[in-house]
Amino acid sequence: RCVGRVEVQHLGRWGTVCDDTWDLAAAQVTCTHLGCGSALGAPGHAHFGGGSGPIWLDGLSCSGEELTLAQCRLHTWGEHDCSHAEDAGAVCSGELRWSQVCSAEHQVCPSEAQVSAGGAQVHSGADPPQVRLRAGPGPCAGQVQVLHNRTWHQVCGLTWGLPEAQVLCRQLGCG
């Protein structure tokens, strides 16, 4: 399922969201943005583990209708009075559906997934899935890679289509 710590990308770096004003409406924006259905919960207090790096957002006020957290009313990016013990999470009703992930047994993919897309993610569970684009002409284009067991893997293009690319583009904040 789509559950986990919420992180957003800003200025090319991933960071967390403070739980001070985090609520179900903000979780709804995150779930919708990721194509993960409806928000079922908005746990705080680093329920899914504390993150690292910057704490980008604090003081969010969302209606639940925004397309991204950046469209909610918020304090200045990076200004906060939080620690990672206050990282926000989201519990969504849906599941992320990714095409086949190339593993060590598949040294070469028949065709690599390429997408024009580029930053928000939900870290789920103990080994959270992260997605990135690499080796493209800009931040919103490139080879799709997913982090699994602390190793980046390319996503094979055999079952990759427009619906998957649209989810990824929304997730990465590139439209």
Side-chain angles (χ1 to χ4, degrees), residues 1-10 13-75 77-101 115 117-133 144-153 155 163-175:
R1 285 194 3 186
C2 293
V3 299
R5 184 179 61 247
V6 177
E7 294 196 1
V8 294
Q9 189 180 51
H10 180 63
R13 292 187 63 201
W14 289 100
T16 61
V17 177
C18 182
D19 69 0
D20 285 353
T21 58
W22 184 254
D23 60 11
L24 199 59
Q28 180 61 52
V29 173
T30 301
C31 294
T32 301
H33 182 106
L34 296 174
C36 288
S38 300
L40 302 176
H45 306 290
H47 181 80
F48 296 105
S52 61
I55 298 171
W56 282 130
L57 297 177
D58 188 13
L60 280 172
S61 177
C62 303
S63 69
E65 300 297 318
E66 297 86 354
L67 298 177
T68 69
L69 291 175
Q71 293 177 343
C72 299
R73 286 185 314 207
L74 48 91
H75 292 252
W77 285 84
E79 287 187 10
H80 62 85
D81 60 355
C82 302
S83 72
H84 285 297
E86 299 172 82
D87 285 344
V91 178
C92 309
S93 63
E95 295 182 11
L96 281 175
R97 300 185 189 276
W98 301 104
S99 64
Q100 176 186 2
V101 176
V115 67
Q121 64 188 0
V122 172
H123 283 288
S124 67
D127 194 8
Q130 296 179 33
V131 180
R132 69 181 183 184
L133 294 172
V144 180
Q145 296 182 340
V146 63
L147 185 64
H148 179 69
N149 291 333
R150 301 179 195 214
T151 302
W152 287 101
H153 300 276
V155 175
E164 290 82 9
Q166 289 171 330
V167 169
L168 180 67
C169 289
R170 282 194 310 268
Q171 177 180 355
L172 297 177
C174 287

Considering all heavy atoms of both residues, which atom of Ser61 and which atom of Glu66 are nearest to each other, and what is their separation?
O-OE2, 4.4 Å
If you define the side chain from C-beta out and look only at heavy atoms, does anything of Pro43 sit under 4.5 Å from Val91?
yes
Kindly confirm or rule out an SG-SG distance below 2.5 Å between Cys82 and Cys18.
yes
Looking only at the SG atoms, are Cys31 and Cys36 under 2.5 Å from each other?
no
Closest heavy-atom pair and its distance - Trp56, Trp14:
NE1-C, 3.8 Å
If you count the non-hydrogen atoms of other residues, nucleotides and ligands that lie under 6.0 Å from CD in Glu65, is the total more than 12?
no
If every non-hydrogen atom of Glu7 is compared with every non-hydrogen atom of Arg5, which pair is closest and at what distance?
OE2-NE, 3.0 Å
Check the angle between the aromatic planes of Trp77 and His10 and answer parallel, tilted or perpendicular using the 30° and 60° thresholds.
parallel
Distance col, row Gln28:CD vs Ser63:OG, nearest 0.5 angstrom, shows 10.0 Å
Between Val29 and Cys62 the two heavy atoms that sit nearest each other are CG2-CB, 4.1 Å
Would you name the heavy atoms of Trp22 and Thr30 that are closest together and state the gap between them?
CH2-OG1, 3.5 Å
Does a side-chain heavy-atom distance below 4.5 Å link Val17 with Ile55?
no
State the CD-CG distance between Glu86 and Asp58, to the nearest 0.5 angstrom.
8.0 Å
Of Leu34, Leu69, Thr16, Asp19, which is the lone residue that meets side-chain contact (heavy atoms from CB on, under 4.5 Å) with Val6?
Leu69
Contact summary for Leu67 and Gln71, nearest pair of heavy atoms:
N-OE1, 2.8 Å
